[in-house]
Visitor: 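Structure in structure tokens, see below.
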Amino acid sequence: MAPLPSPVAAPSIAVVGGGLAGLAAAAALADAGCTVTVLEARRRLGGRAASFDDTRGGGLVDACQHVAMGCCTHFLELARRAGFADRLRHDRTLWFIDPDGRRSACTPTRLLPAPLHLAPLLFGMRHFSWGERLRLGAGMVRLARARGAEREETAAAWLARIGQPPRVIALFWQPVLESALGESIDLVSVAAARKVAVDGFLGHPAAADLHVPIDPLGVLFGERLAGWLRGRGVAVETGCGVTQIERSAGRAVAVVHAGGRMACDGVVLAVPWRAAARLAPDIVPEAEERLAASPITAVHLWFDRQFVDLPHAVLVGRVSQWVFRSEAEAGAPGEGYCQVVISASRGLLGGDRAALVERVVGELREVFPGARGAELLASRVVTDPTAVLSVRPGVDAVRPPAATAVPNLALAGDWTATGWPSTMEGAVRSGRLGAAALLAGLGLAAPPPVPDLRRGLLVRLLAGGRTG
Ligand SMILES: Cc1cc2nc3c(=O)[nH]c(=O)nc-3n(C[C@H](O)[C@H](O)[C@H](O)COP(=O)(O)OP(=O)(O)OC[C@H]3O[C@@H](n4cnc5c(N)ncnc54)[C@H](O)[C@@H]3O)c2cc1C
């Protein structure tokens, strides 16, 4: 490994990739006094958390609705600092709609300590018998206590093995884990499922709150976050794909892009793993073969009226998983826009988009009475085949840490070893970890850590310390 140089006063850092990981890294590096340039290949920032122009004249529409949870402390802190936290709607009630169309409003209480705060959420699930609700609660506790080799089983097999009733698996674990992890419960590890149960539900009374963007992601990240970064002296170049990271004497010395060459004191490589493997094949070799992605599909629907009378709903036991009503001005005046999100959507209805739209519209008509007379004006199906990292058993052993063998080259991205699933929170955490690793490699101090939600005492006894 090359020796550490004496710290440079304001090192010039190239952040390759303008997704949330790169933008979070840029923020942390600017905090530490670096001169930062973000180089993003696409025209817009935000990476996978992106919007497209509605060709029907309705403005920006998110390729897929994104949601953060209360446990996403790093993402929420970035939103607060960059001034868009007020554009995240705070839903404390989780709405479930069961196969018979019955609605359950499930709200954790702030009056009881964790994990007892979940009692009203659990008991609010009207689609389960009392026995099923108790078994579900017991399954959640059992998951928090899963240890060692158990954590490397697949969630579906493990849930069946510990005796969770099939209805509880199909109508709770499947929709909740698949939407939180973006992957089928037949494939995700118990470790990943446990992360959702402990950090996303049991750990803290605010953990399961939803924070739902009410402005397009293109505005939040492409304008608000980017504008805030520019105001802090970060240069942001879009349409600037990096083709090479030049190295000399074991250190990164420059990045090469279509517009030229930028000499630098350090690089944070914040691109998806396949792009990272192309730019640094010696650093990201195996990940290319050993990491897998999971697809997510969003079905965009424009009707002649708005009929979704809930802020969001989890449709259990159906093809449609989550439905979101638009808060932004998507669609022309007088129209009603809504979006249905389906995680782990590989092979969905054989890839037949028309059949998918028909099925989803049919399901909406079954659960929202107002939809029955509504006319569908337009639809669009958007599938991202590599939406998220598939968090299968063994994946944590393959996810690389931020620090690399090149002391002034660090990795970031939701696929790196953050301990979090592939989410906005995971991306922001990875950006901070990448910045910290790079600063350490340059002999500089990292910005102070962002605190996690503090697990309640009972949860610490049940699941162990603050993390893990
Ligand atoms: C359909 C879908 C739904 C999702 N839903 C949610 C959700 O509800 N909640 C949640 O928390 N997360 C969700 N996610 C996950 C979340 O979007 C990602 O985890 C996060 O945005 C990843 O950020 P990133 O910066 O790590 O990667 P990316 O967003 O992929 O950013 C990497 C960037 O690098 C750029 N790049 C690549 N190569 C180069 C190069 N050579 N030079 C310069 N730039 C380059 C890319 O253009 C891209 O902008 C969803 C993702 C998808 C796709």
Side-chain angles (χ1 to χ4, degrees), residues 14-26 37-52 62-69 71-72 74-76 79 88 178-183 200 210-213 217 220-222 225-226 236-245 255-259 262 267-280 293-300 312 321-322 324 339 341-345 381-389 391 411-416 418 420-431 433-434:
V15 175
V16 183
L20 277 173
L23 298 176
T37 303
V38 177
L39 302 153
E40 164 55 45
R42 294 191 202 156
R43 249 180 345 106
R44 286 204 179 108
L45 296 172
R48 273 167 281 157
S51 309
F52 61 82
D62 290 342
C64 184
Q65 175 76 54
H66 277 53
V67 174
M69 293 174 76
C71 56
C72 299
H74 290 59
F75 171 73
L76 294 173
L88 304 174
E178 290 190 356
S179 55
L181 299 171
E183 178 58 289
L210 298 182
H211 297 264
V212 186
L217 299 171
L220 296 188
F221 306 146
L225 179 52
V236 180
E237 309 285 346
T238 53
C240 194
V242 169
T243 51
Q244 191 193 344
I245 298 172
V255 291
V256 180
H257 52 85
M262 178 192 152
V267 176
V268 176
L269 185 53
V271 298
W273 70 83
R274 290 191 180 89
R278 278 193 296 276
L279 289 168
S294 179
I296 299 180
T297 295
V299 182
H300 303 264
H312 69 260
Q321 293 172 349
W322 283 73
F324 296 95
Q339 191 186 125
V341 178
I342 304 164
S343 296
S345 58
V381 176
V382 179
T383 296
D384 187 332
T386 54
V388 291
L389 174 70
V391 280
L411 298 176
D414 63 348
W415 57 280
T416 58
T418 60
W420 279 70
S422 190
T423 52
M424 297 188 288
E425 174 70 4
V428 172
R429 281 178 184 253
S430 79
L433 289 169

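Computation of the quantities below employed the complete heavy-atom set of this structure, encompassing side-chain atoms and omitting hydrogens, waters and symmetry-equivalent molecules. All ligand and atom numbering here is 1-based and tracks the order in the structure.
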Visitor: Can you tell me the protein heavy atom closest to atom 10 (C) of ligand 1 and the distance?
Guide: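 Protein heavy atom with the smallest distance to atom 10 (C) of ligand 1: Met424 N, 3.5 Å.
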Visitor: May I ask you to check whether Val271 has an N/O atom sitting below 3.5 Å from an N/O atom of ligand 1?
Guide: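 No, since none of the N or O atoms of Val271 sits under 3.5 Å from an N or O of ligand 1.
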Visitor: Go through ligand 1 atom by atom and flag the ones less than 4.0 Å from a non-hydrogen atom of Ile296.
Guide: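 Per the distance check, 1 (C), 2 (C), 3 (C), 4 (C).
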Visitor: Of Val255, Val236, Leu39, Val38, which is the lone residue that meets side chain to side chain contact (heavy atoms under 4.5 Å, CB included) with Val15?
Guide: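 The single option meeting the side chain to side chain contact (heavy atoms under 4.5 Å, CB included) with Val15 is Val38.
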Visitor: Which atoms from ligand 1 have a heavy atom of Ser422 less than 4.0 Å away?
Guide: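 Taking each heavy atom of Ser422 in turn, ligand 1 has 15 (C), 19 (O) under 4.0 Å.
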Visitor: Which of these passes side chain to side chain contact (heavy atoms under 4.5 Å, CB included) with Ser422: Thr416, Leu389, Val391?
Guide: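 Testing each of Thr416, Leu389, Val391 against Ser422, the sole residue satisfying side chain to side chain contact (heavy atoms under 4.5 Å, CB included) is Leu389.
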Visitor: Taking side chain as C-beta onward, heavy atoms only, is Val299 less than 4.5 Å from Gln339?
Guide: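 Result no, sub-4.5 Å side-chain heavy-atom pair not found.
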Visitor: Testing the basics here: between Pro421 and Leu181, what is the closest heavy-atom pair and its distance to 0.1 Å?
Guide: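 Heavy atoms only, the tightest pair is CB-CD2, 3.6 Å.
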Visitor: Which atoms of ligand 1 have any heavy atom of Gly47 under 4.0 Å away?
Guide: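 Per the distance check, 29 (O), 31 (O), 48 (C), 49 (O).
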Visitor: Working to the nearest 0.5 Å, report the span between OG1 of Thr238 and CZ of Arg42.
Guide: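 One finds 12.0 Å between OG1 of Thr238 and CZ of Arg42.
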Visitor: Please work out whether any backbone atom (N, CA, C, O) or any side-chain heavy atom from C-beta onward of Leu39 is under 4.0 Å from ligand 1, and answer side chain, backbone, both or neither.
Guide: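 The answer is the backbone.
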Visitor: Would you kindly specify which portion of Ala270 sits under 4.0 Å from ligand 1, judged on non-hydrogen atoms: side chain, backbone, both or neither?
Guide: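 Just the backbone.
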Visitor: Would Asp414 count as a polar contact of ligand 1, with the cut-off being nitrogen or oxygen pairs under 3.5 Å?
Guide: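 Such a contact does occur with ligand 1.
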Visitor: Is there side-chain contact between Leu225 and Leu45, with at least one heavy-atom pair below 4.5 Å?
Guide: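 Result no, sub-4.5 Å side-chain heavy-atom pair not found.
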Visitor: Please report whether ligand 1 has a polar contact with Pro272, defined as an N or O pair separated by less than 3.5 Å (distance criterion only).
Guide: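 For ligand 1, there is no N or O atom that lies under 3.5 Å from one belonging to Pro272.
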Visitor: Of the listed options (Glu237, Arg48, Arg44), which comes nearest to atom 29 (O) of ligand 1 when hydrogens are ignored and any heavy atom counts?
Guide: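 The nearest heavy atom belongs to Arg48.
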Visitor: For ligand 1, which atoms sit closer than 4.0 Å to a heavy atom of Val16?
Guide: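 It comes down to these atoms of ligand 1: 42 (N), 43 (C).
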Visitor: Would you say the side-chain atoms of Ser430 pair up with the backbone N or O of Ala21, donor to acceptor, closer than 3.5 Å?
Guide: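 No, because the side chain of Ser430 does not come within donor-acceptor range (under 3.5 Å) of the backbone of Ala21.
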Visitor: Heavy-atom contacts with Ala275 under 4.0 Å: which atoms of ligand 1 show up? List them by number with element.
Guide: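 Atoms satisfying the 4.0 Å criterion: 38 (N).
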Visitor: Are any of the N/O atoms on Leu20, whether in the backbone or the side chain, positioned under 3.5 angstrom from an N/O atom of ligand 1?
Guide: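 By distance alone, the answer is yes.
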Visitor: Report yes if Gly241 has an N/O atom closer than 3.5 Å to an N/O atom of ligand 1; otherwise report no.
Guide: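 The answer is no, given that Gly241 and ligand 1 share no N or O pair closer than 3.5 Å.
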Visitor: Which heavy atom of Ala180 sits nearest a heavy atom of Thr423, and at what distance?
Guide: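 Smallest interatomic distance, heavy atoms only, reads O-CG2, 4.1 Å.
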Visitor: For the 3.5 Å polar cut-off, considering only N or O atoms, please tell me whether Ala427 and ligand 1 meet it.
Guide: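 Between Ala427 and ligand 1, no N or O pair is found under 3.5 Å apart.
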Visitor: Report the part of Ala41 in contact with ligand 1, treating N, CA, C, O as backbone and CB onward as side chain, heavy atoms under 4.0 Å; options are side chain, backbone, both, neither.
Guide: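 For Ala41, the contact with ligand 1 is made by both the backbone and the side chain.
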Visitor: Report yes if Val67 has an N/O atom closer than 3.5 Å to an N/O atom of ligand 1; otherwise report no.
Guide: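 By distance alone, the answer is yes.
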Visitor: Which residue supplies the protein heavy atom nearest to atom 25 (O) of ligand 1, what is that atom called, and how far is it?
Guide: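 Protein heavy atom with the smallest distance to atom 25 (O) of ligand 1: Ala21 N, 2.9 Å.
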Visitor: Quick one: does ligand 1 sit under 4.0 Å from the side chain of Asp384, the backbone, both or neither, non-hydrogen atoms only?
Guide: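 For Asp384, only side-chain atoms sit under 4.0 Å from ligand 1.
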Visitor: Nearest 0.5 Å please: distance from the NE2 atom of His74 over to the CD atom of Glu425.
Guide: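 If we round to the nearest 0.5 Å, His74:NE2 and Glu425:CD are 6.0 Å apart.
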Visitor: Heavy-atom distances under 4.0 Å are what count here, so tell me which part of Ala387 touches ligand 1: side chain, backbone, both or neither.
Guide: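 It is both backbone and side chain that touch ligand 1.
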Visitor: Measure the acute angle between the ring planes of His312 and Phe324, then classify it against the limits of 30° and 60° as parallel, tilted or perpendicular.
Guide: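 The rings of His312 and Phe324 sit tilted, inter-plane angle from 30° to 60°.
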Visitor: Which ligand 1 atoms does Gly413 reach within 4.0 Å, using its non-hydrogen atoms?
Guide: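 Contacts of ligand 1 toward Gly413, numbered from 1: 26 (O).
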Visitor: Hey, what do you get for CH2 (Trp322) to OG (Ser343), rounding to the nearest 0.5 Å?
Guide: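 With rounding to 0.5 Å, CH2 (Trp322) is 9.5 Å from OG (Ser343).
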Visitor: What residue and heavy atom of the protein are closest to atom 49 (O) of ligand 1, and at what distance?
Guide: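 Sorting protein heavy atoms by distance from atom 49 (O) of ligand 1 puts Glu40 OE1, 2.6 Å first.
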Visitor: Does the separation of the ring centres of His66 and Phe221 fall below 6.0 angstrom?
Guide: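 Between Phe221 and His66, which both carry aromatic rings, the centre distance is not below 6.0 Å.
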Visitor: Return the residue, atom name and 0.1 Å-rounded distance of the protein heavy atom closest to atom 6 (C) of ligand 1.
Guide: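 Residue, atom and distance for the closest contact: His66 CD2, 3.4 Å.
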Visitor: Could you tell me which non-hydrogen atom of Glu183 sits nearest to which non-hydrogen atom of Ala344, and how far apart they are?
Guide: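 Shortest heavy-atom contact: C-CB, 3.6 Å.
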